[in-house]
Protein chains: 6
Amino acid sequence: MLTHFNQQQRAKMVDVSHKEATTRTAIAKSCVVMKPNTLHTIEQKKIAKGDVLAVAQVAGIMAAKKTSEFIPMCHPIFTTGVDLHFEKVAEDTLEIEATVKTVGVTGVEMEALTAVSVAALTIYDMCKAIDKEMTIGPTYLVKKTGGKSDYIHQERADSQ
Amino acid sequence: MLTHFNQQQRAKMVDVSHKEATTRTAIAKSCVVMKPNTLHTIEQKKIAKGDVLAVAQVAGIMAAKKTSEFIPMCHPIFTTGVDLHFEKVAEDTLEIEATVKTVGVTGVEMEALTAVSVAALTIYDMCKAIDKEMTIGPTYLVKKTGGKSDYIHQERADSQ
Amino acid sequence: MLTHFNQQQRAKMVDVSHKEATTRTAIAKSCVVMKPNTLHTIEQKKIAKGDVLAVAQVAGIMAAKKTSEFIPMCHPIFTTGVDLHFEKVAEDTLEIEATVKTVGVTGVEMEALTAVSVAALTIYDMCKAIDKEMTIGPTYLVKKTGGKSDYIHQERADSQ
Amino acid sequence: MLTHFNQQQRAKMVDVSHKEATTRTAIAKSCVVMKPNTLHTIEQKKIAKGDVLAVAQVAGIMAAKKTSEFIPMCHPIFTTGVDLHFEKVAEDTLEIEATVKTVGVTGVEMEALTAVSVAALTIYDMCKAIDKEMTIGPTYLVKKTGGKSDYIHQERADSQ
Amino acid sequence: MLTHFNQQQRAKMVDVSHKEATTRTAIAKSCVVMKPNTLHTIEQKKIAKGDVLAVAQVAGIMAAKKTSEFIPMCHPIFTTGVDLHFEKVAEDTLEIEATVKTVGVTGVEMEALTAVSVAALTIYDMCKAIDKEMTIGPTYLVKKTGGKSDYIHQERADSQ
Amino acid sequence: MLTHFNQQQRAKMVDVSHKEATTRTAIAKSCVVMKPNTLHTIEQKKIAKGDVLAVAQVAGIMAAKKTSEFIPMCHPIFTTGVDLHFEKVAEDTLEIEATVKTVGVTGVEMEALTAVSVAALTIYDMCKAIDKEMTIGPTYLVKKTGGKSDYIHQERADSQ
């Protein structure tokens with residue numbers, strides 16, 4: 001029977017009406033691994049499509065604001081602050097970190113993860129004419145505060 | 001001087017008016033690494049937010065259609081076909097593959113990469129209540145056909 | 001097994017790359033049944049939120065353009081023309097008809113159905129302060145031309 | 001005179017700054033009437049485009065979040081919970097019910113009505129290859145709580 | 001060095017988590033200067049694309065709601081009220097004024113400026129078949145209240 | 001009578017199915033007039049929210065792609081190229097120019113006008129903390145080619 005079958009696996013946006021608004025932050029990281037020469041060209045701002053990091057920065061921030069629009073079961077939330085930063089951590093690796101804040105009833109993990117993912121995709125898009133072999137990730141949550149419990153990604157956080 | 005300074009690094013959506021429309025495909029992959037128990041719960045369709053893969057599938061397809069909306073310098077294109085598929089490749093690893101097609105003047109690499117990225121983020125969102133340590137990636141382009149030249153990701157493609 | 005189980009029911013945006021672009025039209029209808037006094041107030045342009053039909057017209061046209069954004073497996077398409085019209089067909093019934101055109105590889109049935117649905121929802125929204133009992137529908141496809149085969153809704157078309 | 005003429009019928013998003021935030025819920029219903037065989041094929045998950053109800057579920061939830069984006073005079077609101085459910089109420093009729101919750105200054109009637117409408121349109125889209133005669137509706141508000149006054153659709157609610 | 005270079009000019013959505021929600025309003029103005037005959041045709045509602053001001057009104061209100069979606073560093077906010085009005089201030093000049101309200105932690109200047117800008121662009125779009133020489137602006141903030149300090153555009157406000 | 005009344009002023013997206021696709025370009029200009037010190041601070045990249053022009057550039061390009069989403073009767077079109085450039089034309093005036101290209105059945109005037117408008121709004125947003133008196137405009141079409149006829153803004157073009 002249709003209804004019954006569906007009952008157990010039906011996707012829903014879970015009710016959070018009863019939860020209290022608190023200040024919440026989340027930090028996520030990703031990276032783009034590329035040819036050393038590609039990273040060098042980004043640093044020199046010589047990529048033909050323009051200043052890659054300036055564009056990736058804007059893309060990541062705008063994506064954070066639209067997170068609930070493409071993650072289906074994600075609650076809409078007002079991001080009260082978004083910041084991204086890029087760091088060359090190896091000659092072939094560009095690390096991306098996003099910090100997102102809100103005052104609300106749900107966390108902003110997805111917003112932070114979305115910000116770094118879209119920034120990484122933007123870097124790929126702007127450099128793909130010279131390097132199609134780039135890989136994105138690992139992408140992961142570094143830390144969250146606020147809400148029922150805080151969280152710190154152990155392994156990952158160690159190397160911070 | 002403002003203009004001159006800006007000249008060299010100005011971001012632009014490069015002109016493709018002269019390019020001819022051809023059939024193009026792109027295949028991208030990503031994966032989500034998680035606790036074996038999380039993956040088991042997904043398979044059992046016992047995640048509280050609903051059937052994870054059914055939702056991720058829809059999220060990935062819808063995101064592919066909106067790619068040019070969040071990747072700033074990406075040309076808009078009509079995706080004529082999008083398909084995603086998921087495979088458990090290890091007891092802690094769920095692989096995601098997207099195939100995107102179009103008939104147009106630009107490739108659909110970004111659409112395929114966006115589809116797998118958003119599908120992965122959706123999986124994270126739906127499972128984060130039981131597993132915050134999941135990591136997404138590596139995310140990469142497996143193959144593209146059509147346009148000036150075809151491409152196959154060597155290392156990666158080997159293990160296909 | 002995960003993959004196999006999923007295989008048969010996996011949602012996809014079916015590939016239409018091989019289809020030829022032709023001129024296509026679709027006509028859809030819906031109606032809003034309301035208290036005669038509500039319809040009278042609409043006609044008098046005395047609804048507090050403003051001229052209901054002028055707003056519904058714009059809402060329907062804009063929604064037609066965004067159809068593929070909220071109907072998950074619907075192909076994106078360029079609507080080349082959209083027109084809506086409203087008719088009082090009974091003292092309690094306002095009929096809505098949308099005509100949509102395109103030159104493309106897929107039909108515009110969904111665009112026409114979406115246009116009348118959103119126009120109807122807009123009417124509900126603007127009048128709900130004085131009438132919450134309004135009902136929307138039946139909503140249906142009246143006619144389509146272009147593509148593999150034409151279609152005319154028999155029963156419904158008869159009374160046209 | 002331009003201004004004066006416009007004065008009486010000018011559409012506006014009415015000011016609700018003074019209203020207090022309360023918990024609000026709304027339930028709306030719609031249905032899709034189709035050939036018995038179409039409904040049977042949905043139940044068997046044999047529709048070529050994929051598992052219809054899984055996709056419609058996601059589409060309805062995502063649309064609820066975007067309601068104020070396509071209903072012009074509708075206030076933006078944070079939906080704190082959205083759930084849809086489908087029931088076969090006759091051999092040719094699939095009923096759709098959406099429950100939406102928020103804590104805010106305006107009701108969520110439009111979000112609930114939009115959720116069922118878009119879910120219905122999605123069902124139409126996925127089945128139209130085998131059944132173009134489907135009709136959607138009646139679509140109506142079953143119940144709302146919170147705000148100035150509660151509401152229950154009499155006629156309709158009786159049969160609940 | 002990449003990071004350091006970027007440090008000083010990195011775009012961010014500044015953190016407003018600590019700010020208190022207050023009632024805020026903003027009023028912005030713009031105008032469209034056109035051939036007297038174009039303005040006359042608008043008044044007569046004889047423009048082929050339809051009633052220009054009715055459409056511009058809806059466009060301006062809908063754009064106000066989406067402001068943070070296209071102004072990259074703009075915080076999302078719930079507009080609690082939006083009103084536009086048009087006035088012929090010279091035989092060749094149509095003035096547009098938008099009033100936006102919210103209860104929130106950031107102002108609504110951008111929402112008001114966006115509303116008049118998009119209303120003006122809509123007027124241009126609907127009349128461009130008969131008058132391509134139209135110019136839009138000056139567009140400016142007339143007044144804001146709420147937040148740290150109020151503001152009134154001196155020069156401009158004088159002529160109010 | 002409702003229908004008849006509506007007939008003459010009904011807004012519609014006019015049918016362009018019969019028109020042939022040609023290469024089309026449009027150039028639009030706007031400017032932001034501000035305190036000399038504000039412009040100086042932009043040039044020095046010392047605005048607290050980040051590098052203003054880099055962000056405005058991205059905002060303008062992204063807005064061009066979404067033009068038909070907020071200009072109600074505007075046809076969707078694929079922009080095949082978008083470029084913006086900024087020039088200090090007086091100590092208090094920053095000029096913005098956008099060039100948009102497409103191959104399609106309708107012109108890209110609205111895309112170019114939207115690009116400069118949103119770039120200007122973005123500049124306002126990023127500098128409003130230090131200068132609320134900025135004014136935007138005049139905004140106008142400089143030139144279009146392709147389609148039924150070309151156009152050059154006489155007065156304006158002279159000073160080019």
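For the numbers below, each heavy atom of this structure counts, side chains included, while hydrogens, waters and symmetry mates do not. Chain letters run A, B, ... following the sequence lines, proteins first and then strands; every chain starts at 1. Since we're looking at a predicted model, the values are computed, not measured.
Atom CG of A/Leu121 sits about 6.5 Å away from atom CG of B/Leu113, to the nearest 0.5 Å. Taken from NZ in B/Lys12 to NZ in A/Lys49, the straight-line distance is 11.0 Å, to the nearest 0.5 Å. With rounding to the nearest 0.5 Å, the separation of CG in A/Asp125 from NE2 in B/His75 is 9.0 Å. Atom OH of B/Tyr140 and atom CD1 of A/Ile136 lie 12.5 Å apart (nearest 0.5 Å).
Closest approach of B/Phe70 to A/Thr122, counting heavy atoms only: O-OG1, 4.4 Å.
Only the side chain of A/Ser117 comes within less than 4.5 Å of a heavy atom in chain B; its backbone stays farther off. Contact of A/Tyr151 with chain B is made through the side chain alone, with heavy-atom distances under 4.5 Å. For A/Lys148, no part lies under 4.5 angstrom from a heavy atom of chain B. Proximity to chain B is limited to the backbone of A/Ala48, based on heavy atoms less than 4.5 angstrom apart. Heavy atoms closer than 4.5 Å to chain B are found in the side chain of A/Val14, but not in its backbone.
Annotation: side chain to side chain contact (heavy atoms under 4.5 Å, CB included) contacts of A/Met34 (sequence neighbours excluded): A/Val32, A/Thr38, A/Leu39, A/Ile42, A/Leu94, A/Ile123, A/Asp131, A/Met134. With sequence neighbours left out, the side chain to side chain contact (heavy atoms under 4.5 Å, CB included) criterion links B/Val105 to B/Val16, B/Lys19, B/Ala21.
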